[in-house]
There are 2 protein chains.
Amino acid sequence: MPRAATTTDVFNAIAEPRRRQIIDLLAQSTRPQAVGDLVEALQLSQPTVSKHLAVLRKVGVVSVRKQGQHRLYELNAVELRPVHDWVKTYEQFWSGQLSRIKQRAEKLAAERAAAKKSSNSQEL
Amino acid sequence: MPRAATTTDVFNAIAEPRRRQIIDLLAQSTRPQAVGDLVEALQLSQPTVSKHLAVLRKVGVVSVRKQGQHRLYELNAVELRPVHDWVKTYEQFWSGQLSRIKQRAEKLAAERAAAKKSSNSQEL
DNA sequence: TATTTATATTCCCATACCGGAATGTGTCAA
DNA sequence: TTGACACATTCCGGTATGGGAATATAAATA
């Protein structure tokens, strides 16, 4: 099995730095951006930008709207939520000491739950 | 230029679901885990697990310690911080209405800053 | 020392990439 | 209709993948 396609999910899509740049640009701008605007801002060729946008479209991170001969791209940030939710779990590992206590408590709770499930107290 | 290596940065490393599973397992367990434990938990072949661990090692997300013939893997979650920090910016897009007001204010501030930089009030 | 155990590494291959170049498609304007 | 413009898509080539199979390495054990 080869590497998963970039269009498989958001995690694969945002692995590419230019695609994160595109997301950042769309977030910073009030209004939807035409492809040409992004081309200029990113200093990349038009086909390259269009292809990155196609990936972001397929995973739903951006949406398009036609306006004349332009395509206006808009951020659909909610699709980033899986990434946020996953990584947020680990915030506690580098934030204050108080949180570290909480972290420890959660670990112990997890252990107890696991031990209960399989009456096998071996470490996971 | 092909796709960036999985070992290029954390974003590429965590694109692979099994590597995220490994991270999750290491986070849930109190103690460092031997490769064999992960093999059993993930139901993957030993070489596959070892290779995923090698990727996570190279980007610093896990650290290893020898204990006899075992290698004990431990999570180094702080290396996930770049992902967290990047995606956290977008939290506002799906959290409560109050935050959305704040979001709008930040956009306007960004616009003003951009306009100041290039005395060109065209939209970015 | 020979054997088992735990893990890492190498080789293989089908697949998918990212960028560049070229080309296709659709819209506006003369 | 003929261009001109904005954008998407296709084709190409060098590279890297992830899993399986086989092999290497290193420690424990008989």
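Predicted model, so just to flag it, every value in this text is computed and none were measured. Below, read A as the first sequence line, B as the second, and so on, with proteins coming before strands; counting in each chain starts at 1.
- For R71(B) and dA26(D), the CZ to P distance is 9 Å, given to the nearest whole Å.
- For the pair R65(A) CZ and dA6(D) P, the computed distance is 18 Å after rounding to whole Å.
- Closest to the S50(A) side chain, of the nucleotides dT27(C), dA8(C), dA8(D), is dA8(D).
- Between the P atom of dT25(C) and the NE2 atom of H70(A) lies a distance of 21 Å, rounded to the nearest Å.
- Atom CD of E79(A) is separated from atom CD1 of I23(A) by 11.0 Å, given to the nearest 0.5 angstrom.
- Residue N12(A) contributes atom CG, which lies 11 Å from atom C1' of dT17(D) at whole-angstrom precision.
- Nearest approach of V59(A) to T6(A), heavy atoms of both residues: CG1-O, 4.2 Å.
- Rounding to whole angstrom units, CG of residue L53(B) and C1' of dG19(D) are separated by 15 Å.
- Rounded to an integer number of Å, the gap from L72(B) CG to dA8(C) C1' is 15 Å.
- Separating the CD atom in E91(B) from the NE2 atom in H84(B) is a distance of 7.5 Å, to the nearest 0.5 Å.
- One atom, NZ of K66(B), and another, P of dT25(D), lie 14 Å apart when rounded to the nearest Å.
- Residues V49(A) and Y73(A) have side chains not in contact (no heavy-atom distance under 4.5 Å, counting atoms from C-beta outward).
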- prompt: Tell me, for nucleotides 11-24 of chain C in 5' to 3' order, what letter each nucleotide earns: B for a base near a protein heavy atom under 4.0 Å, S for only sugar-phosphate near one, - for neither?
  reply: ----BSBBBB-B--
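- Contact annotation: side chain of Q69(B) to base of dT7(C), donor-acceptor pair absent below 3.5 Å.
- The aromatic ring centres of Y90(B) and W86(B) sit less than 6.0 Å apart.
- Rounded to the nearest 0.5 angstrom, L38(A) CG and S50(A) OG are separated by 9.5 Å.
- Taken from CG in L26(A) to CD in E74(A), the straight-line distance is 8.5 Å, to the nearest 0.5 Å.
- Note on Y73(A): a side-chain N or O is less than 4.0 Å away from OP1 or OP2 of dA8(D).
- Among the protein residues, A34(A) comes within range of the sugar-phosphate backbone only, with heavy atoms under 4.0 Å from sugar or phosphate atoms but none that close to a base.
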